[in-house]
Structures are given as C-alpha cells and as structure tokens.
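Notes to accompany the following structure.
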Amino acid sequence: MKNYNVGIIGATGMVGQRFALLLADHPWFKVTALAASASSAGKSYEEAIGSRWAMTEAIPENLKKMTVYDAEKDIEEIVSKVDFVFCAVAMKKDEIKALEEKYAKHECPVVSNNSAHRFTPDVPMVVPELNPEHIEIIEAQRKRLGTKKGFVAVKSNCSLQSYVPALFPLDKAGFEVDKCLVCTYQAISGAGKTFERWPEILDNVVPYIGGEEEKSEQEPLKIWGKIEGGKIVSANKPSFTAQCLRVPVSDGHMAAVFVSFKNKPSKEQMLEVWKNFKGVPQELELPHAPKQFLNYFTEDDMPQTKLSRNLEGGMAVSIGRLREDSQYDYKFVCLSHNTLRGAAGGAVLLAELLAAKGYMD
C-alpha cells in the first residue's frame, strides 16, 4: 500500500485531537497539514490548543510545532500539501456542507466526521464492515461536482455504531429485522465535554441530546439503502424508534436494544452470526480493522463501559445480555467507543477502505 499525506480540518476540537493521536503512527497516512478556525490560524498546534487538550495521551511530538492553517481561507495551501483531508469542524451545518464541497472541488477528497452531508443522496455514509459497497456512489458525486478526484464521504452518527452493527448482520443472514426500539446512554465526550468542563453532569442524567433521536432513527435506513439512479435511496424497513440520554461517563456509548424479526432466529443462531461476522475491512486486514468486530459477553453484568470500551483499540463492538422479551422477540445491550469506533476511528477506517479501493489516487 502506498503512503498518503493527510490533513486534519478542525484539528483543535475533541474529534480533531483524536484524529491527531490515531494518525501519529499510522502505517499509510502521514499528517502534513492542520487547520482550524481563524482564531487558531498562524499558531503552533500546541499554542492553538492551549489548555483544551482533552486526551489522556500527550499531543504527538511531530505535531506540536506544526503551524495551524485557517480552514476556510487557506484551502489552496492545504490541498497542495495533502492527498486528502479528515474533517471535524464545529460550524453551522450549511457552512460545513459548503466547506467540504469546496475542498472536494479543489480535487481533495474529504472523509468527514460531521453530520452535514449524511443525507446528501450521492454522499456515501459508511460503516465499513456493513455497507462498503456504498462508496461506489462516489463516481456519481464526482460527476455532479465536476471533479476527477475530489469527493465527500462520511461516517454515521456515533451512537449508531453500538447497535446497528449487531442488527445488520442478523438482517443480512435472512432473519429480517422488522422493528427496533433502542435507548442509548451516551458519554459526555460525544458533546465535546470533559468532567472538568461540565461538572453539572456528575451525579446527573440529561434526557435530551439535540437531533440525536432523529439521527438514530433515520440514519440506519440509509445504511440499509441501495444505490439507484446515481443516488443512495434509503430503505423503508426496519423501523426504528430511539430515546437518547447523556450520562456521566467520559467515553463509550451504550445501547439497550429491543428487536423483532420477520423470521425469528434462535438465540444460538444470533450468537453464531455475531461470532462469525466479518466485513471487507477484516478481509483486507485494514490497519484499524478489529480482528473480531462483534464480541459477545456471557457474564450477566457485561459489557461494562469502563471495562469494554477500549476493546481492540476501541474499534470493536461489545454485546451482552441477550434474552427473549415479552413484547419484542429479543433484547440485549451493545457498547462502542464513541470517539474511536464512533468518530475519528470510524473515519480513519473508512479512509483506509477508500485508499485500499483506489479512491484516494
């Protein structure tokens, strides 16, 4: 595999910081440009972040003195230094859409952590193990943008990464998920917060996360969707209903899942599907692909957020407590690391898939 120079747009935020750590020793990708808002531009990365570094590991040495660009004004300079960029900016949705398309039109592929383009019909929203074929829509997107190389690809919402990976393989195995009720218990890092910055969350649960329930109900249908006539058409089944709560946990989103099937599997069949499921990232042995994507815990009190969120570098999904339900067919719990599998790690894995398939060349 060839090596690529990459940029991080929105490098000073929490997800940008996570990108910086994930890419520090990446075997294919080397960070050659960092960009953020105008207030950070011209400063070293270390100066621009100041006291806002939120990771437990230190800022990578090779990035500390790197000068931060203005994400909006310095596009030409940035794209001259990179093969593609990761985007994790904190701006209004329409501004993000415009900015990402601007990079694409400068013939710079964008792998985005943002939600702005998730429902643009010709932008693939990919969980690499589940719907890798959706990247084929990029050719149609390039036609619309008038680009030869540039495009935008996105990863899905972070909370989906806990429960959708458990459901999708069961559906594809012929059991056909009919309806799903999910309650997610989401870490404060999903809001870009730490306990120091948000002391009010201690000993507290907030029963509202703006826009999260809509994403949790609608985004899975795009993942289930099909490419038709130059766009991704969302499926109309399964039906999802969601309740999303913010809980006093640093990292890791948990989901309580209730599910009914058209063809109800046995518990043994479900466990077998989860154990044996592999996706394209595992077949290609991509650098950030977990060897065992779905991990089932037999203990009654597992998985636990603190104990299981970092499984396989935070890129695996943990499942437990599978049992029959009195109103749905089954209920179980799922867990994933929201800033690794759910955010920056999921975007890095998507970029690895795109690179392996030749879309970055």
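Computed from a predicted model, the values in this text were never measured in an experiment.
A heavy-atom distance below 4.5 Å is found between the side chains of S250 and F195. Put simply, the side chain of T305 reaches to within 4.5 Å of the side chain of L335, judged on heavy atoms.
Summarising the geometry, atom CG belonging to D74 is positioned 10.5 Å from atom CD belonging to E72; distances are rounded to the nearest 0.5 Å. Rounded to the nearest 0.5 Å, atoms CD1 (I138) and CZ (F151) are 4.0 Å apart. Once rounded to the nearest 0.5 Å, the distance linking OG of S318 with CG of N295 reads 5.5 Å. Atom-to-atom distance recorded for D361:CG and K2:NZ is 4.5 Å, nearest 0.5 angstrom. In this structure, K267 NZ and E272 CD are separated by 14.0 Å, a value rounded to the nearest 0.5 Å. Here R118 contributes atom CZ and N157 contributes atom CG; the two are 5.0 Å apart, rounded to the nearest 0.5 Å.
Qualifying salt bridge (Lys or Arg N to Asp or Glu O under 4.0 Å) partners for E100, counting only residues two or more places apart in sequence or in other chains: none. Residues passing the side-chain contact (heavy atoms from CB on, under 4.5 Å) test with K278 are Q282, sequence neighbours excluded. Contacts of F168 classified as ring pair (Phe, Tyr, Trp, His ring centres under 6.0 Å), with partners at least two apart in sequence or in another chain: W224.
When each of W274, F258, Y163 is checked for a ring-ring contact (aromatic ring centres under 6.0 Å, His included) with F332, only W274 meets the rule. Results of the side chain to side chain donor-acceptor pair (under 3.5 Å) test with E101 over R144, Q141, H106 single out R144 as the only residue that passes.
Hydrophobic clustering, with ILVMFWY side chains joined whenever heavy atoms are under 4.5 angstrom apart, keeps V85 apart from V6. By the criterion of side-chain heavy atoms lying less than 4.5 angstrom apart, applied directly or through intervening Ile, Leu, Val, Met, Phe, Trp or Tyr residues, I137 is not grouped with L350; the two fall into different hydrophobic clusters. Following chains of ILVMFWY side-chain contacts shorter than 4.5 Å, one cannot reach V152 starting from I232, and the two form parts of different hydrophobic clusters. Note: the hydrophobic cluster containing V257 also contains Y296 (ILVMFWY, side chain heavy atoms under 4.5 Å, direct or indirect links).
Between K222 and E219 there is no salt bridge, since no side-chain N of the basic residue sits under 4.0 Å from a carboxylate O of the acidic one. Ion pairing between a basic and an acidic side chain is recognised when a charged N comes within 4.0 Å of a carboxylate O; K193 and E200 show no such pairing. Under 4.0 Å is where a charged nitrogen must lie from a carboxylate oxygen, and between R142 and E139 at least one such pair does. A salt bridge links K264 to E324: one of the charged nitrogens lies within less than 4.0 Å of a carboxylate oxygen.
For the pair K149 and F84, the cation-pi test (distance below 6.0 Å, angle within 45°) is failed. The cationic atom of K179 (NZ for Lys, CZ for Arg) lies less than 6.0 Å from the six-membered ring centre of Y328 and within 45° of the ring axis.
Between the side chain of R309 and the backbone N or O of L340, no donor-acceptor pair lies under 3.5 Å. Listed for the K155 side chain is no donor-acceptor partner under 3.5 Å among the backbone atoms of V111. A donor-acceptor pair under 3.5 Å is absent between the side-chain atoms of E176 and the main chain of D171, judged by distance alone.
The number of heavy atoms from other shown groups lying within 6.0 Å of NZ (K43) is above 12. Atom CD of E285 is surrounded by 12 or fewer heavy atoms from other residues, nucleotides or ligands within 6.0 Å. For CG of D25, the number of neighbouring non-hydrogen atoms (other residues, nucleotides, ligands) closer than 6.0 Å is 12 at most.
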Subject >> Test log, rule side chain to side chain contact (heavy atoms under 4.5 Å, CB included), inputs V333 and Y185 >> reply: CA-CA 11 Å; V333 296; Y185 305 88; over 6 Å; no
- request: Report the C-alpha distance between T184 and H253 in whole Å, list the side-chain angles of each, state the deciding distance to 0.1 Å, and finish with yes or no for side chain to side chain contact (heavy atoms under 4.5 Å, CB included).
  value: CA-CA 7 Å; T184 59; H253 288 353; 5.8 Å; no
* To do: Please report the C-alpha distance between F277 and V317 in whole Å, then the side-chain angles of each, then the deciding distance to 0.1 Å, and finally whether the side chain to side chain contact (heavy atoms under 4.5 Å, CB included) criterion is met.
  => CA-CA 12 Å; F277 181 73; V317 172; over 6 Å; no
| request: Walk me through it: do F29 and M360 pass the test side chain to side chain contact (heavy atoms under 4.5 Å, CB included)? | output: CA-CA 11 Å; F29 306 152; M360 300 306 194; over 6 Å; no
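R18 and T339 are linked by a side-chain donor-acceptor pair at a separation below 3.5 angstrom, with hydrogens and angles left out of the test.
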